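Structure first, commentary second.
Quick note: numbers below take in every heavy atom, side chains included, and nothing from hydrogens, waters or symmetry partners. Owing to the predicted nature of the structure, the values given are computational and were not obtained by experimental measurement. We name chains A, B, ... by the order of the sequence lines, and we start the count at 1 in each one.
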Amino acid sequence: MNAQRLKQVFDRLSEHHGPLNWWPGESGFEVMVGAILTQNTAWSNVEQAITHLKQANALAPERILALSPEDLGALIRPSGYFNVKARRLQSFCQWYLDQGGQEILSGWDTRVLRARLLSVNGVGPETADDILLYAFERPVFVVDAYTRRLFSRLGMVQGDEPYESLRASVEALIGEDVPMLNELHAVIVIHGKEVCRPRPRCNACVLLEECPTGQGLNRFPPKPRRSS
DNA sequence: ACCCAGGGTCATA
DNA sequence: TATGACCATGGG
């Protein structure tokens, strides 16, 4: 992974898709809820769930905790795994209030805040980094399936590296540039949704010209290794 | 009738 | 430490 190449890819994606002003959501808390609901789930489904929460005036930690698991599950049903996610949302909200809310949480160092987020049941590395970057504006790079697919197709990484390994290499090249980290993950996701499909049926990818002899394109998205 | 989507946890060997 | 099972809806 090379800094100049990364910047080149970023510039090209931004030129084509940006600026995106992520994350879609009106408040930090909405970002956090969306980050949990979008786990392994299409965003269009999450939008429906969030709409239901807003209609029920439930998009606040106290309100989510006040709902029964069944009622909360009914509201977020379109986002899939609704039983699991209802529990995860309530675990998260309980933690959020126990910690003292947005202002107190904002006072923590990024490393500390990340560790605390990861301690919540249902918050894994990607969800934690979504929240850190898009709700707390911390300089972290979010690794997701789109990132692995794109970078491996472009021959920039193997693709099956552990989460922390990929995150660290990109952060090392970009530094603490929050706006750039924000936009980079955003354009990778939009690019993945609109153009760079899992199976090689895309001929429209602006980056494909740069894929070594189409070899990158035919590479199936790799699965991450478990740990170090 | 498939395949896919902005993951994470838990049990088991 | 490493797999595998499981979670579930909606759109293409």
Which residues share a side-chain hydrogen bond (donor to acceptor under 3.5 Å, both in side chains) with [X], sequence neighbours left out:
X	answer
A:Gln102	A:Tyr96
A:Asn2	none
A:Asn182	none
A:Asp177	none

### Query
Which class fits the ring pair A:Phe151 and A:Phe141: parallel under 30°, tilted 30 to 60°, perpendicular over 60°?
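Rings of A:Phe151 and A:Phe141: parallel, as their planes differ by under 30°.
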### Query
So what's the dot-bracket for DNA chain B: Watson-Crick or G-U pairs under 3.5 Å, [ ] if a pair crosses, | if it pairs off-strand?
.||||.|||||||
#### Entry: Under the side chain to side chain contact (heavy atoms under 4.5 Å, CB included) test, residues paired with A:Lys193 that sit two or more places apart
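A:Trp43, A:Tyr146, A:Val189, A:Ile190.
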### Message
Can you list everything that forms a side chain to side chain contact (heavy atoms under 4.5 Å, CB included) with A:Ser14? Sequence neighbours excluded, please.
### Response
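A:Ser14 satisfies side chain to side chain contact (heavy atoms under 4.5 Å, CB included) with A:Phe10, A:Glu183, A:Val187 only.
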### Distance in Å, A:Ile64 CD1 paired with A:Cys93 SG, rounded so as to fall on 0.5 Å steps
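So the CD1 of A:Ile64 and the SG of A:Cys93 are separated by 4.0 Å.
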### Query
Quick one: salt bridge (charged side-chain N to carboxylate O under 4.0 Å, His left out) partners of A:Glu30, sequence neighbours excluded?
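With neighbours one apart ignored, the set is A:Lys54.
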#### Entry: Side-chain H-bond candidate by donor/acceptor type, A:Gln48 with A:Ser79, under 3.5 Å
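Judged by distance alone, the side chains do not pair up.
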### Query
From B:dA5, B:dG8, C:dG10, pick the nucleotide closest to the side chain of A:Glu126?
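The closest nucleotide is B:dG8.
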### Query
How far apart are the closest heavy atoms of A:Ser91 and A:Asn121, and which atoms are they?
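For A:Ser91 versus A:Asn121, the nearest heavy atoms are CB-O, 4.0 Å.
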### Residues touching DNA chain C, which here means a heavy atom under 4.0 Å, drawn from residues 112-125 of chain A
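Here the set is empty: none.
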### Task
May I ask you to list the residues of residues 78-92 of chain A, by number, that have any heavy atom positioned under 4.0 Å from an atom of DNA chain C?
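Per residue number, the list reads A:Pro78, A:Gly80, A:Tyr81, A:Phe82, A:Asn83, A:Val84.
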### Message
Measuring only the P atom in each nucleotide, how far is B:dG8 from C:dG10? A whole number of Å is fine.
### Response
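Result for the P pair: 22 Å, nearest Å.
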### Message
For the backbone of A:Ala128 and the side chain of A:Arg114, can you confirm whether one donor and one acceptor N or O come within less than 3.5 Å of each other?
### Response
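Checking the backbone N and O of A:Ala128 against the side chain of A:Arg114, no donor-acceptor pair under 3.5 Å is found.
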### Query
Would a distance-only check, ignoring hydrogens and angles, find a side-chain to backbone donor-acceptor pair under 3.5 Å from A:Gln55 to A:Leu53?
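Judged by distance alone, no pair lies under 3.5 Å.
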Starting at [atom1] of [X] and ending at [atom2] of [N], how long is that distance when rounded to a whole Å?
X	N	atom1	atom2	answer
A:Leu75	C:dA8	CG	P	16 Å
A:Asn40	B:dC3	CG	P	15 Å
A:Lys223	B:dG7	NZ	P	14 Å
A:Ile76	C:dC7	CD1	P	16 Å
A:Gln39	B:dC10	CD	P	13 Å
A:Glu70	C:dA8	CD	P	13 Å
A:His52	C:dT9	NE2	P	14 Å
A:Gln48	B:dA5	CD	P	18 Å

### Task
Scan A:Asp144 against the nucleic acid and name what it touches under 4.0 Å (heavy atoms): base, sugar-phosphate only, or nothing.
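Here A:Asp144 touches the backbone only, sparing every base.
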### Message
On DNA chain C, compare the nucleotides closest to A:Thr41 and A:Ser44; which residue's is nearer the 5' end?
### Response
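Looking at DNA chain C, the more 5' nearest nucleotide goes with A:Thr41.
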Tabulated below should be each protein N or O lying under 3.5 Å from an N or O of nucleotides 4-6 of chain C; please produce it.
unit_1: C:dG4; atom_1: O6; unit_2: A:Arg226; atom_2: NH2; d: 2.4

### Query
Which pairs count as salt bridge (Lys or Arg N to Asp or Glu O under 4.0 Å) when at least one residue sits in residues 76-101 of chain A, sequence neighbours excluded?
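Salt bridge (Lys or Arg N to Asp or Glu O under 4.0 Å) check on residues 76-101 of chain A returns no pairs.
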### Query
Counting just side-chain N and O atoms, does A:Arg77 come under 4.0 Å of either OP1 or OP2 of C:dC7?
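False: A:Arg77 side-chain N/O out of range (4.0 Å or more) of C:dC7 OP1/OP2.
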